K.L.:
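I have a structure I would like to understand better, so I am pasting it below and will then ask my questions one at a time.
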Amino acid sequence: MMDTADLTQPLTPHQADRLDADILAWHETNSAAELAYGYRTGGQDAVLRGDIDAACFLFTQAYVFALRADLLDIADSLWLNLKSFGREA
Amino acid sequence: MKPEDISQIKNVMQPVATARGLPNAFYTDAAVHEQEKQLVFHKNWTCIGFGKDVTEPGFAKPVNHLGMPLVMVRGQDGMLRVFQNVCRHRGMILVDEPKQVKGVISCPYHAWCYELNGKLRATPHVGGPGNNVDPNIDRATLGLLEVRSHVWMDLVFVNVTGDAPDFEAAMAPLKARWSEFMDKPIFHGGTDSSFKLDVKTNWKLAVENYCESYHLPWIHPGLNSYSRLEDHYHINEPGQFSGQGSIVYNPKLDDSGRAFKNFDGLSEKWNEGAEYIALYPNLLLGIHRDHYFAILIEPVAHDQSIEHIEIYYTDEAMLGDEWADLREKNAALWKEIFMEDIFVVEGMQTGRAAPGFDGGKFSTVMDEPTHTFHHWVASQFAGQLEGASIREAG
Ligand code: FES
Ligand SMILES: [Fe+2]
């Protein structure tokens, strides 16, 4: 299941494994919206763990899939996120 | 092109009484076909497709235009734009099949994203993982390469070189001729009003055959019974288009007297008038009071073409199921006629392998629209002619 809510605490190892598996499956099916939310959750997890490079990688992935899925509000908020970390122009 | 072919171009540009037709090489030589791409197609306004194939905002349809990958895109603003179908990064094809791309065209390779107006929006990881900025990548200069385009009568035209006269100016003579039909809505008849014909011929022979009525009694005897040769007149607009008109258009598709709705506000001339015009280079149009059709001749190779036929009606009501049988009848009628023409356009292609054929001899009375087309094609090569004379002089 894709989780559209913001993450408030880091994923458990089990949840993280589950997210990885989901993301791979969504790549198989070209499920852009699911991938946008999934990568965003991954990015939020990385922020909570303090790994900004990993977070920006995952937010960038999320950003592209949000654009592809036409989820423009999500794309805009991801873009602002990336910009705040100096990763977008 | 060989020197003798170039000198023969001069003969094509004579008045019809003394002119010869285009030399064989214009039909049989792949090298001439290559030259035509630039001189005949890219420098002029050329039709590449139909707006009805790209109606929804965010829909994109790739087009192979003479080997050049293009893509037609309907923007969120409703505008149809044409781009070269290539990513500015590493040259990947962007859109491989007709599809809804939604908000962006996203490259399948490294996922650069372009807005539907061509602007480069996202360059993921371009400055390293998680960094989308590279000071050497200026997004403002890396948008999609737009091709000059214009939509008219649902026909999508491009001018690849970008320096042809303004579209409105280029089409002014035809717009004036068909002024009564201009700016009236047209409605594509749907899947039953759309078909393709593969023809083993050079695209020009399909144009030439369409221009003339001379062949009607022999090739279309059925048509001739209610639309006789003497009921046709020639249409000649040198440099633009040529074709034929009929003064006895009177369709009887249905015994019960049902008939398609006519365009509003037409003058009496069109009660029984119909016109068939080849708009240079490769578009064949037919206009009648109750429907309009377009045939886009796609030149696949020097000896191979695809005719894309699309039929339009005057009112949305004509698209309903209750009109499907009449639409199908109308489409079948035209298909039969166009198929009757196939053996002649293919036969003329075969004939052009005869080395003694010298371009042929025009009837001053019956072949003028054909000659007008030949003259136009030849004049597109006029620059080559000057080059040749300079070389001869030198
Ligand atoms: S080729 Fe298109 S993003 Fe690299
Ligand atoms: Fe014909």
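Both backbone and side-chain heavy atoms feed into the values below; hydrogens, waters and symmetry mates do not. Lettering of chains follows the sequences in order, A, B, ..., and the numbering in each one begins at 1. Treat the numbers as computed from the prediction; the structure is a model and nothing was measured.
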K.L.:
Based on non-hydrogen pairs under 4.5 Å, which of A:A54, A:C56, A:G43 is most in contact with chain B?
P.N.:
A:C56
K.L.:
Can you tell me if A:D73 has over 12 outside heavy atoms packed within less than 6.0 Å of its CG?
P.N.:
no
K.L.:
Can you tell me if B:D321 has over 12 outside heavy atoms packed within less than 6.0 Å of its CG?
P.N.:
no
K.L.:
Under 4.5 Å heavy-atom distance to chain A, tell me which part of B:V101 shows up: side chain, backbone, both or neither.
P.N.:
backbone
K.L.:
For atom NZ of B:K43, decide whether the heavy atoms of other residues, nucleotides or ligands shown that lie under 6.0 angstrom number more than 12.
P.N.:
no
K.L.:
For B:K184, does the NZ atom sit with more than 12 other heavy atoms under 6.0 Å from it, leaving out its own atoms?
P.N.:
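Enclosed.
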K.L.:
Which heavy atom of B:A111 sits nearest a heavy atom of A:R68, and at what distance?
P.N.:
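Minimum heavy-atom separation between B:A111 and A:R68: CB-NH2, 3.5 Å.
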K.L.:
Going from OG1 on A:T60 to CG on B:N131, what distance comes out if it is rounded to the nearest 0.5 angstrom?
P.N.:
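Rounded to the nearest 0.5 Å, the OG1-CG separation comes out at 8.0 Å.
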K.L.:
Within a radius of less than 6.0 Å around CD of B:E322, do more than 12 heavy atoms belonging to other residues, nucleotides or ligands occur?
P.N.:
yes
K.L.:
Is A:F85 in contact with chain B via its backbone, its side chain, both, or neither, using a 4.5 Å heavy-atom distance?
P.N.:
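Neither; nothing under 4.5 Å.
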K.L.:
Where does A:A32 contact chain B at under 4.5 Å (heavy atoms): side chain, backbone, both or neither?
P.N.:
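Contact with chain B involves no heavy atom of A:A32 at all.
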K.L.:
Would you say NZ of B:K119 has more than 12 non-hydrogen atoms from neighbouring residues, nucleotides or ligands within 6.0 angstrom?
P.N.:
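No, the 6.0 Å shell around NZ holds no more than 12 heavy atoms from other groups.
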K.L.:
Would you indicate whether A:Q9, at its atom CD, is surrounded by more than 12 heavy atoms from other residues, nucleotides or ligands within a distance under 6.0 Å?
P.N.:
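It does not: A:Q9 CD has 12 such atoms or fewer within range.
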K.L.:
What part of A:L67 is in contact with chain B, defined as an atom under 4.5 angstrom from a non-hydrogen atom: side chain, backbone, both or neither?
P.N.:
both
K.L.:
Which heavy-atom pair separates A:L82 from B:G130 by the least distance, and what is that distance?
P.N.:
CD2-O, 4.4 Å
K.L.:
With a 4.5 angstrom heavy-atom cut-off, is it the side chain or the backbone of B:R121 that approaches chain A, or both, or neither?
P.N.:
both
